[in-house]
**Student:** 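Provided herewith is a single structure, encoded as structure tokens, for subsequent inquiry.
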Amino acid sequence: MTTNKEKNFISAVVYLHNDGARAVKFFKLLQQQLDAHFDQYELIAVDDACTDDTVSQLRSWAAGLDKPLTFLHMSLFQKLEPCMNAGLDAAIGDYVYEFDTTDVPYPAEMIFSAYQTALTGSDIVSVCPTRVSGSSRLFYSVFNASSHSAYTLRTDAFRLVTRRAINRVHASSEHLPYRKAAYAASGLKMTDLTFEGRIVDKTAGRFGLAVNSLALYTDAGFKVSVGIALVMMALALAELIYTLVVFCTGHPVAGWTTTMFVLTLGFAGVFAVLAIVVKYLSLLVDLIFQKQKYLIESVEKIQK
């Protein structure tokens with residue numbers, strides 16, 4: 001008995017960096033889920049300069065597939081976000097799965113559940129763990145408190161986005177330093193599905209990405225600069241009151257130490273505010289003038 005499969009074209013973009021045998025295991029699971037529910041789909045593997053046998057193992061496995069596996073071989077190690085942007089640009093599906101990792105702590109059935117949820121009107125569906133690390137919890141708390149999105153961001157294992165969502169965020173900026181935040185700022189409906197468990201940290205060194213995201217998609221920098229300005233105003237007022245008291249009581253002014261202390265704090269505050277301004281300006285320069293978002297060495301399509 002044949003079952004009716006979904007007719008929408010599906011793309012699945014997977015980030016790879018030295019995943020070894022786990023990559024083949026993941027693609028087998030992914031291919032089984034997509035083959036069971038969809039007539040048409042494509043698999044895109046973004047090879048972020050793998051130095052182990054990840055690519056060779058996947059080549060061997062993909063040689064027997066009915067559907068092609070497309071490799072995007074990056075010219076050099078570029079980390080998660082630029083590589084996934086390259087994968088999104090290559091994807092042609094009506095719905096696109098974004099797998100930032102080959103770790104699978106969630107039930108495999110949630111891959112199709114994300115699609116079913118999208119059909120109810122959600123342009124972005126995230127599959128999220130119930131347990132997250134303390135650093136992730138802190139970042140998302142700050143981000144959500146400072147953003148103006150109607151939806152809150154969470155740590156996710158993977159997400160499904162519609163072609164409309166991709167077009168919407170690319171219309172605002174061709175270069176997406178943080179896809180998840182761009183989706184939240186797009187105004188389109190977002191839905192979270194949860195599973196019991198946690199995911200392995202995707203990549204190391206994401207502090208810079210967190211800072212960029214807060215600067216671009218929230219008013220956290222503005223709030224910090226206002227806080228610094230208020231503190232400096234309070235110090236200046238305290239110094240004024242101190243000066244008036246000394247003047248009115250007729251005591252000699254010890255002056256030098258206090259003045260230098262306040263001046264030092266004042267300059268520190270000014271430079272802190274300037275550091276935030278410079279951060280915004282550097283991001284604007286990158287977004288406006290950066291011509292090359294990522295570097296792809298070659299594209300390889302493997303099919304039986």
**Student:** Show, in sequence, the C-alpha distance, side-chain angles and deciding distance for Leu153 and Met190, and conclude whether the side-chain contact (heavy atoms from CB on, under 4.5 Å) test is met.
**Tutor:** CA-CA 9 Å; Leu153 291 192; Met190 298 179 64; 4.0 Å; yes

**Student:** Test Ser133 against Ser136 for side chain to side chain donor-acceptor pair (under 3.5 Å), laying out the working first.
**Tutor:** CA-CA 5 Å; Ser133 65; Ser136 293; 3.1 Å; yes

**Student:** Within the structure provided, determine whether Leu72 and Asp47 are in side-chain contact (heavy-atom separation under 4.5 Å).
**Tutor:** no

**Student:** Between Pro129 and Arg198, which heavy-atom pair has the shortest distance, and what is it?
**Tutor:** CB-CA, 3.7 Å

**Student:** Is the backbone of Ala91 close enough, under 3.5 Å, to the side chain of Ser11 for a donor and an acceptor to pair up by distance?
**Tutor:** no

**Student:** Enter the distance from Arg131:CZ to Glu196:CD here, rounded to the nearest 0.5 Å.
**Tutor:** 7.0 Å

**Student:** Could you give the distance from CZ (Phe71) to CG (Leu43), rounded to the nearest 0.5 Å?
**Tutor:** 10.0 Å

**Student:** Could you see if Ile111 belongs to whatever hydrophobic cluster contains Val104? Use Ile, Leu, Val, Met, Phe, Trp, Tyr and a side-chain cutoff under 4.5 Å.
**Tutor:** yes

**Student:** State the OG1-CG distance between Thr162 and Asn167, to the nearest 0.5 angstrom.
**Tutor:** 8.5 Å

**Student:** Is there side-chain contact between Arg59 and Val55, with at least one heavy-atom pair below 4.5 Å?
**Tutor:** yes

**Student:** Mind checking whether Trp61 and Leu29 sit in one hydrophobic cluster, side chains of I, L, V, M, F, W, Y counted as touching below 4.5 Å?
**Tutor:** yes

**Student:** If we count only N and O atoms by modelled type, under 3.5 Å, do the side chains of Arg168 and Ser186 hold a donor and an acceptor together?
**Tutor:** no

**Student:** Would you say that Val96 contacts Leu160 through its side chain, given a criterion of any heavy-atom pair below 4.5 Å between the two side chains?
**Tutor:** no

**Student:** If I compare all heavy atoms of Thr54 with all of Gly20, which pair ends up nearest, and what's the gap?
**Tutor:** OG1-N, 2.7 Å

**Student:** Sequence neighbours left out, what passes side-chain hydrogen bond (donor to acceptor under 3.5 Å, both in side chains) with Asp103? Give chain and number order.
**Tutor:** none

**Student:** Check the hydrophobic clustering (I, L, V, M, F, W, Y; side-chain heavy atoms under 4.5 Å; chains of links allowed) and say if Phe143 and Leu188 are grouped together.
**Tutor:** yes

**Student:** Going from CZ on Arg159 to OG on Ser122, what distance comes out if it is rounded to the nearest 0.5 angstrom?
**Tutor:** 14.5 Å

**Student:** Centres of the Tyr97 and Phe99 rings: under 6.0 Å?
**Tutor:** yes

**Student:** According to a 4.5 Å side-chain heavy-atom criterion applied to Ile, Leu, Val, Met, Phe, Trp and Tyr, with indirect links allowed, do Tyr151 and Tyr140 form part of one hydrophobic cluster?
**Tutor:** yes

**Student:** So, do Phe9 and Phe38 have ring centers that fall under 6.0 Å from each other?
**Tutor:** no

**Student:** Membership question, hydrophobic clusters at under 4.5 Å side-chain separation (ILVMFWY): are Val142 and Val132 in the same one?
**Tutor:** no

**Student:** So, Glu98 and Tyr183: side-chain donor and acceptor under 3.5 Å apart, yes or no?
**Tutor:** yes

**Student:** At what distance, to the nearest 0.5 angstrom, does CZ of Arg163 lie from NE2 of His170?
**Tutor:** 9.0 Å

**Student:** If every non-hydrogen atom of His17 is compared with every non-hydrogen atom of Cys50, which pair is closest and at what distance?
**Tutor:** CA-SG, 3.6 Å

**Student:** Provide the closest heavy-atom pair for Tyr95 versus Ala118 in the form atom of the first, atom of the second, distance.
**Tutor:** CE2-CB, 3.9 Å

**Student:** Any idea which heavy atoms bring Asp192 and Thr152 closest together, and the distance?
**Tutor:** OD2-O, 4.1 Å

**Student:** When Tyr115 is tested against each of Asn8, Leu34, Val125 for side-chain contact (heavy atoms from CB on, under 4.5 Å), which residue passes?
**Tutor:** Asn8

**Student:** Kindly indicate whether the side chain of Phe27, heavy atoms from C-beta on, has any atom under 4.5 Å from the side chain of Leu16.
**Tutor:** yes

**Student:** Just checking, any donor-acceptor pair under 3.5 angstrom between side chains of Thr51 and Asn18?
**Tutor:** yes

**Student:** Please determine if Lys7 and Asp39 form a salt bridge, counting it only when a charged side-chain N lies under 4.0 Å from a carboxylate O.
**Tutor:** yes

**Student:** Any heavy-atom pair between the side chains of Val13 and Val46 that's under 4.5 Å?
**Tutor:** yes

**Student:** Does a salt bridge link Arg164 with Asp123, judged by any charged N lying under 4.0 Å from a carboxylate O?
**Tutor:** yes

**Student:** Assess whether a salt bridge exists between Arg179 and Glu81, defined as any Lys/Arg side-chain N lying under 4.0 Å from an Asp/Glu carboxylate O.
**Tutor:** yes

**Student:** Are the side chains of Phe195 and Val127 in touch, meaning some heavy atoms are under 4.5 Å apart?
**Tutor:** yes

**Student:** Output yes when Asp100 and Lys180 qualify as a salt bridge under the 4.0 Å nitrogen-oxygen rule, no when they do not.
**Tutor:** no

**Student:** One thing to verify: whether Asp48 and Lys79 come together as a salt bridge, which I'm taking to mean a side-chain N less than 4.0 angstrom from a carboxylate O.
**Tutor:** no

**Student:** Quick check: does any side chain N or O of Glu42 sit under 3.5 Å from a backbone N or O of Ile92, one acting as donor and the other as acceptor?
**Tutor:** yes

**Student:** How long is the gap from NZ on Lys67 to CD1 on Ile10, to the nearest 0.5 Å?
**Tutor:** 12.0 Å

**Student:** Which atom pair, heavy atoms only, marks the closest approach of Ala157 to Thr101?
**Tutor:** O-CG2, 4.1 Å

